[in-house]
Student: 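Mind having a look at this structure? Questions to follow.
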Amino acid sequence: AQTVTQSQPEMSVQEAETVTLSCTYDTSESDYYLFWYKQPPSRQMILVIRQEAYKQQNATENRFSVNFQKAAKSFSLKISDSQLGDAAMYFCAYLFQGAQKLVFGQGTRLTINP
Amino acid sequence: SAVISQKPSRDICQRGTSLTIQCQVDSQVTMMFWYRQQPGQSLTLIATANQGSEATYESGFVIDKFPISRPNLTFSTLTVSNMSPEDSSIYLCSVGGRSGYRTDTQYFGPGTRLTVL
C-alpha cells in the first residue's frame, strides 16, 4: 500500500526567508502524481503545486517550488520569500495514475514569524 | 479550478441524530469524493460518490453509517447517521475531472465542521 510521510510536525520561518518542507512516499508504481495542499485556519484545502512522476523537471508556482527525487521517493516543498499568509498546515499527497484515492501525509504546521 | 460549495459550513448536533451535508459544484465533474478529517489529523477518504449508482466505500466506512447520494454530475450529499462524539470532524468534499480540466487533480470544498455533543 502507498504511504506518505511528513517527518516535520511543525516548522517556523522568519518572514521573507525560505523554508523547505519534507515529504517521502512509498510506492511500487511508476506512474503517479504528487501534490502539496495548504490548509489555513479557514480549513479550506488549497492546491499549492502538483508534480507528474514522469516529468524530471521540478514544478514551480510563483514562490513555491518542489524538489522531486523519484529514485529516493522524496518530494519536498520550498517556499521562498515567506509571507504571513503562508502560515497554514501543509499536506503532501500521492495519487496513483488510474486510481482516484488521494493518500495524504500527516501534515506540517508552518508558522511565519514577523 | 471548480467553484465548490458545502452546506452547512458548521453544525453542532446531539448524539443519535443524523446530519446531511451537501456539496455543489459550479460545473459538471466526473468524480466526487468525501473525506473526513478528525481533530488534529490528516484527511481520510470515506467514499467515492458515483453518479447513478451506489458509492464506493473505503475500508472502515459503511453505507449504513455514511449514506451518500449523487443524483447528477454537479451535486452530492453525505449523511452522518446516528452520530456519536467520535464523529466530530471536518467533512470535505472534493471533485476531479471537470470538463476540459485534468482528471488527476482534486479540488476541495470549504469543509463542514461537525461537533457532536
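Naming: A, B, ... by sequence-line order, numbering from 1 per chain.
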Student: Could you tell me whether Asp87(B) and Lys65(B) have a side-chain N and a carboxylate O separated by less than 4.0 Å?
Tutor: yes

Student: Using only heavy-atom distances, determine whether the side chains of Gln69(A) and Ser74(A) contain a donor-acceptor pair under 3.5 Å.
Tutor: no

Student: What part of Thr44(B) is in contact with chain A, defined as an atom under 4.5 angstrom from a non-hydrogen atom: side chain, backbone, both or neither?
Tutor: neither

Student: Testing Phe96(A), Phe75(A), Tyr33(A), Tyr32(A) for ring-ring contact (aromatic ring centres under 6.0 Å, His included) with Tyr25(A), which one passes?
Tutor: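 So the option named by the test is Tyr32(A).
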
Student: When rounded to the nearest 0.5 angstrom, what distance separates CE in Met89(A) from OG in Ser42(B)?
Tutor: 7.5 Å

Student: Using non-hydrogen atoms only, which part of Gln6(A) is less than 4.5 Å away from chain B: side chain, backbone, both, or neither?
Tutor: neither

Student: Under 3.5 Å, is there a donor on one side chain and an acceptor on the other for Thr56(B) and Asn50(B)?
Tutor: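 Side-chain D/A pair, Thr56(B) to Asn50(B): present.
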
Student: Any donor-acceptor pair under 3.5 Å linking the side-chain atoms of Ser84(B) with those of Glu86(B)?
Tutor: yes

Student: Indicate yes or no: at least one non-hydrogen side-chain atom of Thr79(B) is less than 4.5 angstrom from one of Phe66(B).
Tutor: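 Result no, sub-4.5 Å side-chain heavy-atom pair not found.
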
Student: Hey, are Gln24(B) and Gln6(B) close enough side-chain-wise for a donor-acceptor pair under 3.5 Å?
Tutor: no

Student: Check whether Leu43(B) gets within reach of chain A through its side chain, its backbone, both or neither, counting any heavy atom under 4.5 Å.
Tutor: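 Leu43(B) touches chain A through backbone and side-chain heavy atoms alike.
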
Student: Non-hydrogen contacts under 4.5 angstrom with chain B: give the residues of residues 76-86 of chain A involved, or none if there are none.
Tutor: none

Student: Does the Asp11(B) side chain pair with the main chain of Leu114(B), one donor and one acceptor, at a distance under 3.5 Å?
Tutor: no

Student: Below 4.5 Å from any heavy atom of chain A, which atoms of Thr112(B) appear? Answer side chain, backbone, both or neither.
Tutor: backbone

Student: Do any of residues 101-108 of chain A have a heavy atom less than 4.5 Å from a heavy atom of chain B, and if so, which, in residue order?
Tutor: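 Answer by number: Lys101(A), Leu102(A), Phe104(A), Gly105(A), Gln106(A).
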
Student: Output yes when a side-chain donor or acceptor of Thr115(B) lies under 3.5 Å from a complementary backbone atom of Ser88(B), and no otherwise.
Tutor: no

Student: Go through the atoms of Glu58(B) and report whether side chain, backbone, both or neither lie under 4.5 Å from a heavy atom of chain A.
Tutor: side chain

Student: Is a side-chain N or O of Arg43(A) found less than 3.5 angstrom from the main chain of Pro110(B), in a donor-acceptor match?
Tutor: yes

Student: Taking the six-membered ring for Trp, is the centroid-to-centroid distance between Phe108(B) and Tyr35(B) below 6.0 Å?
Tutor: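 Centroid separation for Phe108(B) and Tyr35(B): below 6.0 Å.
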
